[in-house]
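Throughout, a chain's letter reflects where its sequence line sits, starting with A, and its residues are numbered from 1. Scope of the values below: all heavy atoms of this structure, side chains included, with no hydrogens, waters or symmetry mates.
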Protein chains: 2
Amino acid sequence: MATTVERGAGRASERALADLREAILTGDLAAGAHLGEVELAERLGLSRTPVREALTRLAAEGLVETTAHRGARVTSFSRDDLDAIFDVRRALESRATARAADHATADDLDELAALADRMLEIGAPGPDQDLDALVGLNRGFHARLLDLAQAPALAAALAGVVHTPVVTRTFHAYDPASLARSLAHHVEIVAALRAGDGDWAAAVMASHIGNARAVMVGSR
Amino acid sequence: MATTVERGAGRASERALADLREAILTGDLAAGAHLGEVELAERLGLSRTPVREALTRLAAEGLVETTAHRGARVTSFSRDDLDAIFDVRRALESRATARAADHATADDLDELAALADRMLEIGAPGPDQDLDALVGLNRGFHARLLDLAQAPALAAALAGVVHTPVVTRTFHAYDPASLARSLAHHVEIVAALRAGDGDWAAAVMASHIGNARAVMVGSR
DNA sequence: TCCCCTCAGGTTGTACGCAACGTAGGGTGC
DNA sequence: GCACCCTACGTTGCGTACAACCTGAGGGGA
């Protein structure tokens, strides 16, 4: 009874990895929080081994920091760190967006357009506004775009800069004007892709990330 | 007697990580080679546990690929992959070089100049030419530069694109003209940094990587 | 002859136990 | 009273045993 054999479907270590990553990205595990292996193992109902592997991989991604015999902590980023992360994201994601223009099919564009439109709806001020739901859709939009770039190297480099940084976890920080800009950018990116103009799409993405940077880390 | 307790100084898993990474980077472990945990463990005189951790981290770096219950293989890159990797390196390393211009002290520049000069010497055609020694010096030059950029995010992103790719492991592929250009670039980068001109330095670095790309993957 | 099923071999995935390390607290000597 | 040492505890690092899984070969049936 103590050890529930029937658990999730996937490998235990992958479940641990996914759960921990989600907990960190959503802020459920605060930055700087100490992560004990036994504590996490008990919480997830696993042994220390898969938890340990998950922590190792998270450390490689940069989400946690491990020190000697003292365990792991959730990485906390300084203002300069965040600034640099946005710098890299701007360079890389705009590049990926340009490449996406060469590979996106009509179906892909319809899918992206649907995401952009949906975000426009639930992001609009009013009773139906749902800022929390935006997070998932936004992640989906950027992930889809990165996928369309068909450039594993770009994806790997971006993953090195914190797997969709802590920075993408909320839209509550956006003021109305910035939020409207951000959502309009998504639509414009799709338009640029439809026009087959990679440079245009890349420019909008660069603006998009600049806008996000201003919101999340403030003016330079 | 069988288990030699007195081994290296550092943690066992870090030794395994370093040894495996070196073996892959030098080509001692060929691309596509199957990496059995027990085999590696015996070879390194350790148990499977630290080997397993090392493989996990190498997988995160992109040097090995793991599949289901089938173990790990040394990643092999297609022509397109290499092309994309150089693309990212050009974007990121030139950026890092520009930043280095803002942080490098006179001592730093002297150090870089010494490296560049030394490479010029042992890279020059003649009896003293030592292409193998260039590898280490070149790695050192680029690493020092990346360090001077003081941008952990840039370093992390670059690390995601294969920790100094398999691509930097030899200079034997260079024809005399390309090699001369490459070595001259190092010197010119130092000159640009001395002049405090980050844009110049970045441009040279971009050229430097373009040159390397042409040698390693051929014309586009 | 071809296909499918079964089984054996080898591999990875997980759990658990022990040892090493770092840390904090109390006690003792100066 | 203060500083230093020593001890005890909690943690991580590693080794080993067992279970789950994939793969390939061989035999039987259609």
Heavy-atom check, side chain of [X] versus side chain of [Y], under 4.5 Å:
| X | Y | answer |
| --- | --- | --- |
| B:Arg21 | B:Glu61 | yes |
| A:His186 | A:Leu115 | no |
| A:Asp132 | A:Phe171 | no |
| A:Leu25 | A:Arg139 | yes |
| A:Leu134 | A:Ile122 | yes |
| B:Arg194 | B:Asp110 | yes |
| A:Arg90 | A:Arg213 | yes |

What is the separation between atom [atom1] on [X] and atom [atom2] on [N], rounded to the nearest whole Å?
| X | N | atom1 | atom2 | value |
| --- | --- | --- | --- | --- |
| B:His69 | D:dC21 | NE2 | P | 6 Å |
| B:Arg70 | C:dG13 | CZ | P | 12 Å |
| A:Leu46 | D:dA20 | CG | P | 16 Å |
| A:Arg57 | C:dG13 | CZ | C1' | 13 Å |
| A:Leu17 | C:dT14 | CG | P | 12 Å |
| B:Leu44 | D:dG15 | CG | C1' | 15 Å |

Whether A:His185 and A:His208 hold their rings parallel, tilted or perpendicular, with breakpoints at 30° and 60°: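 Because their plane-to-plane angle is over 60°, the rings of A:His185 and A:His208 count as perpendicular.
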Phosphate contact (C:dT12 OP1 or OP2) by B:Thr66 side-chain N/O below 4.0 Å: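 Answer no for this pair, as no side-chain N or O of B:Thr66 is under 4.0 Å from OP1 or OP2.
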Interface with DNA chain C, restricted to residues 29-43 of chain B and to heavy atoms under 4.0 Å: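 Contacting residues: B:Leu35, B:Gly36, B:Glu37.
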DNA chain C contacts among residues 47-56 of chain A, heavy-atom distance under 4.0 Å: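 Result for residues 47-56 of chain A: A:Ser47, A:Arg48, A:Thr49, A:Pro50, sorted by number.
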